[in-house]
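Throughout, a chain's letter reflects where its sequence line sits, starting with A, and its residues are numbered from 1.
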Amino acid sequence: MYAVETTALSVDLGIHRALENVDLQVEAGSFVVITGPNGAGKSTLLRAILGLVPVSGGDVRVFDKPPAQVARESVAYVPQIKTLDRSFPALSCELVASGFCHRWPWRVSRRAHGAAVEALELVGGAHLAHRPLSELSGGELQRVYLARALVRDPALILLDEPATGIDMAGESDMYRILDDYHHRSDVTILMVTHDALAAHHHASHALLLNRRVISYGPAREALAPEYLGQAFGHGAHTHRGCACGEEHDV
Amino acid sequence: MSELLGLAFMQRALIAGVLMALTAGYYGVFVVQRGLSFLGSGLAHAAFGGVALALLLNQEPLWVAVPFTVLVALLITWVRERSGLGADTVIGIFFALAMALGIVFLSRIPTYATDAFSILFGSILTVSWADVIAAAVVTGMASLTLPLWGNWAYATFDRESALADKLPVRRDDYLLSVLLAVTVVAAAKVVGIVLISAFLVIPAAAARLVTRRFSAMTLAAVGFGAVAALLGLTGSYFLDLPSGATIILLQCLGFAGCLSIAWLKNH
């Protein structure tokens, strides 16, 4: 059984075709980076997997079920933090507990609080539990959001450009947390990013997308210069470095 | 004071005023955090169109204004969802449409009814037992939605995640619009259509300034609204001022107080 499987998937957003004929089979336990140019349909693919956009053609299956029938505990979604409302009055532990309760907590129960603190510890953010969201930096907020995903002990995590809006130190912390969690559990991770270098270092697989699948496979192969050139529409000189460094020890 | 509470019209005004303030404060936290402050204004002007139509047809204003305003609320939500236009733009269009219809309806009535004036600006003298019952029904409906607070709060903070968690976010959007429309019409007699959007916005905004959690903000907004309504109605009687305007002025005073508290906390 695949964690995620799409067959000839097409998605239209208004009159614009965002995804066309996407065939994808993600083995359970993989760490897949999804990359490609702007407007390539990366976020749309995540939204289709979550069942948030209507499918125009083909099929999506998550753990062999249509997205609407997948138990909500088994999938965690980390949206782009830049879209979040920082003016919303909330403490970090409430946000994490919302991932546990599937609703906003009027007051955080002891059980939910325990789970929230445990998840925050996983991301090195236990000290943030009682801080208001409005006082967190981009990197701290991203950690809290990650804790919110981990608190439900999901089988599949979908992240949409988690590195956007945080500095390099915050970014490498986040990748380390994801790496650690990935190696400790049999979770499947799909992460949209513009950062092809991160893809090479952290992912087991890469999907290069430009409305259609350009390449999919082990990161080193899928991000070969000829594919990058094809996806980004120019000689992939700026990307060549990404595909030739050593994979780091894990 | 006891003399005041002995007056039947004052009893009606106080009961209806406090009930409406509790309800508006409760919905207000969602309105403010969703950036829909303009929706209250839009619906209030839709209610004006409805009241004008009722006067033209010589019907009880509530019976015509409620369905009229609910229809406009549903249209705003529907067009917003389908067109991809900003909420403020869609509300602006329906606001103008309902207002223009209201003016056309009023122009067809040979004698300008005083009813229209009291509905535009609110009047404690005209609050009837029917209005008190309407307020009680609206508050009852709001209390029935309390179990949905967690879902609404979740979708208010992060709509995408709420959808991804399979909450019925679209159904709740429509439900909230309809309930807001009914609340706006029912509160019209007490606060007046011109000021009702403030009734929704100011208590919630003031509460936002002094709270760190959404549940605390909700409680504070409800309490703030109720106290302002009580003091405002009493003050308007003694000072011989329009009830709605007095309540709103008090709310603004409270808001300024919260603003100072927030400022002092940050410096």
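Note: B:Phe157 and A:Trp104 meet the aromatic proximity criterion, with ring centroids under 6.0 Å apart.
Residue A:Arg148 touches chain B through its side chain alone, counting heavy-atom pairs closer than 4.5 Å. Contacts between A:Ala68 and chain B at a heavy-atom distance below 4.5 Å involve the backbone alone (N, CA, C, O). Within the 4.5 angstrom heavy-atom criterion, only side-chain atoms of B:Arg208, from C-beta onward, approach chain A. For A:Arg152, the part lying under 4.5 angstrom from a heavy atom of chain B is the side chain only. Looking at B:Asp158, only its side chain comes within 4.5 Å of chain A, counting heavy atoms on both sides.
With a 6.0 Å radius and a threshold of 12 heavy atoms from other residues, nucleotides or ligands, B:Arg171 has its CZ atom above the threshold. Around CD of B:Glu81, the count of heavy atoms belonging to other residues, nucleotides or ligands within 6.0 Å exceeds 12. More than 12 heavy atoms of other residues, nucleotides or ligands sit less than 6.0 Å from atom CZ of A:Arg86.
Among all heavy-atom pairs drawn from B:Gln33 and A:Phe88, the shortest one is NE2-CA, 3.5 Å. Here the closest heavy-atom approach between residue B:Met217 and residue A:Pro89 is recorded as SD-CG, 3.5 Å. The shortest heavy-atom contact between A:Tyr145 and B:Ser161 is OH-OG, 4.1 Å. What you find for B:Ala164 and A:Tyr77 is that their closest heavy atoms are CB-CD2, 4.1 Å.
In this structure, B:Arg34 CZ and A:Asp85 CG are separated by 11.5 Å, a value rounded to the nearest 0.5 Å. Taken to the nearest 0.5 Å, the CZ atom of B:Phe214 stands 10.5 Å off from the CD atom of A:Glu94. From A:Arg47, atom CZ reaches atom CD of B:Glu160 across 4.0 Å, with rounding to the nearest 0.5 Å. Between the CZ atom of B:Arg213 and the NE2 atom of A:His130 there is a distance of 9.0 Å, given to the nearest 0.5 Å.
Side-chain atoms of B:Lys166 come within 3.5 Å of backbone N or O of A:Val70 as a donor-acceptor pair. Of the possible donor and acceptor atoms, one in the side chain of A:Arg72 sits under 3.5 Å from a partner among the backbone N and O of B:Asp165.
The candidate from A:Val75, A:Val78, A:Leu52, A:Leu158 with the greatest count of non-hydrogen atom pairs under 4.5 Å with chain B is A:Leu52. Ranked by heavy-atom pairs under 4.5 Å with chain B, the list A:Leu91, A:Leu133, A:Leu95 is led by A:Leu91.
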**Message:** Go through it in stages, so that I can follow the logic: the residues are A:Trp106 and B:Leu219, the test is side chain to side chain contact (heavy atoms under 4.5 Å, CB included), and I'd like the CA-CA distance, side-chain angles, deciding distance and then a yes or no.
**Reply:** CA-CA 11 Å; A:Trp106 175 265; B:Leu219 282 178; 3.8 Å; yes
